[in-house]
There are 2 protein chains.
Amino acid sequence: MLAAERRDHLLGLLAREGKVVAKDVAAELGISEDSVRRDLRDLAAEGLCQRVYGGALPASPAVAGYAERQSVTPGGKRKVAAAAVDLIRPGGTLILDGGTTALAVAGLLPPDLDCTVITHSPTVVAALLEHPRVELFLLGGRVFKHSAVACGAAAVEAAQNVSADLCLLGVTGVHPEAGLTTGDADEAAMKRALAARAAETWILASAEKIGAASPFRVLPWERVTGLITDAAPDHPTLERLAASGLEIRRAR
Amino acid sequence: MLAAERRDHLLGLLAREGKVVAKDVAAELGISEDSVRRDLRDLAAEGLCQRVYGGALPASPAVAGYAERQSVTPGGKRKVAAAAVDLIRPGGTLILDGGTTALAVAGLLPPDLDCTVITHSPTVVAALLEHPRVELFLLGGRVFKHSAVACGAAAVEAAQNVSADLCLLGVTGVHPEAGLTTGDADEAAMKRALAARAAETWILASAEKIGAASPFRVLPWERVTGLITDAAPDHPTLERLAASGLEIRRAR
DNA sequence: CCTGTTCTTACATGTTTCTGCATGTATCGT
DNA sequence: ACGATACATGCAGAAACATGTAAGAACAGG
């Protein structure tokens with residue numbers, strides 16, 4: 001049992017079950033509670049979890065989503081990504097956000113698709129390096145390590161120099177009152193800047209994001225063309241959004 | 001048991017089981033743990049795995065994908081990269097080029113090093129995302145897929161807004177007459193722009209580059225602080241360069 | 001075929017890091 | 001307030017690590 005494995009195990013438990021009890025994990029893995037506590041303390045120091053008496057809870061929404069980077073793309077995100085690919089027109093220009101859903105979109109682009117992809121995510125670039133026809137443009141800036149994208153003033157400024165037909169944005173929260181939200185202020189500003197440079201902006205949000213709210217507002221609904229999700233159409237949040245006129249496309 | 005076989009075996013284990021425990025592999029293959037550790041260190045320097053206490057874990061897909069595409073990765077690059085790391089001062093700002101040698105530098109940065117890394121390579125960014133203390137700044141622009149770096153007018157312009165203490169550049173040719181050369185004109189211009197923004201510029205060139213020449217000139221010798229290579233000091237090209245006053249540092 | 005060189009590998013050393021236990025302290029539930 | 005549990009700290013043994021060194025294999029040149 002490598003120390004790094006323990007760490008992953010703990011993060012996995014946090015993501016799956018929403019909590020970690022030091023005593024239980026120690027018994028389960030056959031290690032001392034001290035080691036579990038030490039690991040949790042380290043993870044908390046990195047902002048990956050929140051230490052509480054008896055164990056730990058997932059990190060605050062501001063940094064949540066970091067841990068999921070390692071794991072495989074869940075089915076929901078893949079469905080949403082597949083539906084988003086249908087929006088892309090050959091020969092066009094696409095602004096692609098960072099995050100796992102956008103990364104899934106990159107992976108699903110058909111090999112014969114001829115288009116330009118603009119992104120602030122090095123990960124998306126890496127995923128599309130092998131693509132034979134896509135032209136890549138990278139927006140630079142200070143790299144926000146938690147979500148692995150460029151943001152900040154320089155990145156926002158770089159975004160002013162591009163324009164596109166379509167912008168696909170991921171968010172961490174879609175809420176009737178709070179609107180479209182994400183966990184970091186700079187990231188929110190960057191998404192806003194991206195959306196402003198495209199003729200159409202679609203939001204990609206797998207089911208677990210619907211009804212959730214994060215600290216920072218990304219966009220008002222008026223700036224959004226539509227929403228793609230795999231959540232059931234009768235989800236109360238979706239019904240309210242549809243009633244207010246937002247186009248909602250169901251991924252399946 | 002050939003060294004290359006061991007390497008493949010380790011990569012296979014990483015892919016199949018998601019981890020490698022140095023002790024176990026040593027017992028399984030009947031070799032010393034030192035050899036396993038050496039191999040893992042080399043693989044980590046090439047970005048093919050991530051070293052952890054007790055063994056290794058798979059590298060992030062973005063880095064592994066790029067590193068795998070490079071056909072030959074001679075051991076010399078690791079030595080050159082290790083020598084380059086010695087030039088980096090804590091708290092300083094470093095401009096890091098793209099390419100496998102620069103990637104090896106990124107992989108060899110000590111975890112306790114506190115510095116800012118500016119790069120136009122998404123791969124380098126991906127390699128340093130896990131680094132706990134390094135601050136990352138990404139220079140954006142059109143992505144040149146062959147070498148996976150941002151270049152072109154936008155990237156050169158972005159480079160004008162940064163400055164650093166040290167710039168580490170890779171080249172594909174080091175030749176007494178042709179000078180420092182590389183295979184793409186835009187890439188050469190980008191390297192030139194990077195070098196112009198740093199107080200010191202060092203060239204990283206493993207042995208096979210010495211005496212070679214590529215189509216496009218990167219920099220005149222006057223703009224270069226020194227050269228790091230693992231080629232023998234009595235290499236005719238190096239002797240000529242040293243005679244003309246260039247500082248040459250031998251990696252071993 | 002021989003010789004000197006280089007590279008690789010294994011071992012030996014000292015250092016660092018990890019882990020579990022012991023102690024004393026803080027916090028929780030009753 | 002009390003006992004029980006969780007916690008932080010210090011410590012010691014163990015494991016992993018880096019480094020240097022020496023023996024052997026592979027190689028190039030004569």
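First the proteins, then the strands, lettered A, B, ... as listed; each starts at 1.
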Between A/Ala22 and B/Glu33, who's closer to the 5' end of DNA chain D by nearest nucleotide? A/Ala22
Which of C/dT27, D/dA8, C/dG20 is nearest the side chain of A/Tyr53? It is C/dT27
Base, sugar-phosphate or nothing for A/Val52? Non-hydrogen atoms, less than 4.0 Å. sugar-phosphate
Nearest to side-chain heavy atoms of A/Asp34, which nucleotide of D/dT9, D/dC17, D/dT5: D/dT9
Decide yes or no, distance alone: a donor-acceptor N/O pair under 3.5 angstrom between the base of D/dA8 and the side-chain of A/Arg38. no
Does any donor atom in the side chain of B/Glu187 or B/Ser147 lie under 3.5 Å from an acceptor atom in the other side chain? yes
I'd like to know if the side chain of B/Ser214 pairs up with that of B/Thr172 as donor and acceptor (distance under 3.5 Å, no hydrogens or angles considered). yes
Using atom CE of A/Met1 as one end and atom P of C/dC18 as the other, report the distance to the nearest whole Å. 16 Å
For B/Leu40 and D/dC17, what is the distance between atoms CG and P respectively, to the nearest whole Å? 8 Å
Nearest listed nucleotide, side chain of A/Ser35, among C/dT19, C/dT9, D/dA6: C/dT19
Please report the distance, rounded to the nearest Å, between CG in B/Asp24 and P in D/dA15. 13 Å
Residue-phosphate contact under 4.0 Å: B/Arg51 side-chain N/O, D/dC17 OP1/OP2: yes
Mind calculating the distance between CG (B/Asp39) and C1' (C/dA10) to the nearest angstrom? 13 Å
Taking only the side-chain nitrogens and oxygens of B/Ser32, find out if one of them lies under 4.0 Å from OP1 or OP2 of C/dC11. no
From CZ of B/Arg37 over to P of D/dA15, roughly how many Å is that when rounded to an integer? 13 Å
Could you state the CZ-C1' distance from A/Arg6 to C/dT19, rounded to the nearest angstrom? 8 Å
Using a heavy-atom cut-off of under 4.0 Å over every strand shown, decide if B/Val36 touches base, sugar-phosphate, or nothing. nothing
Expressed in angstrom and rounded to an integer, what is the separation of B/Lys19 atom NZ from D/dA16 atom P? 12 Å
Would you mind reading off the distance between B/Leu2 atom CG and D/dA25 atom P, rounded to a whole angstrom? 15 Å
Considering only NZ, NE, NH1 and NH2 on the basic side and carboxylate oxygens on the acidic side, decide whether A/Arg6 and A/Asp39 come within less than 4.0 Å. yes
Salt bridge check, B/Arg7 against B/Glu5: does any charged N sit closer than 4.0 Å to a carboxylate O? no
Are B/Lys191 and B/Asp97 within salt-bridge range, i.e. N to O under 4.0 Å? yes
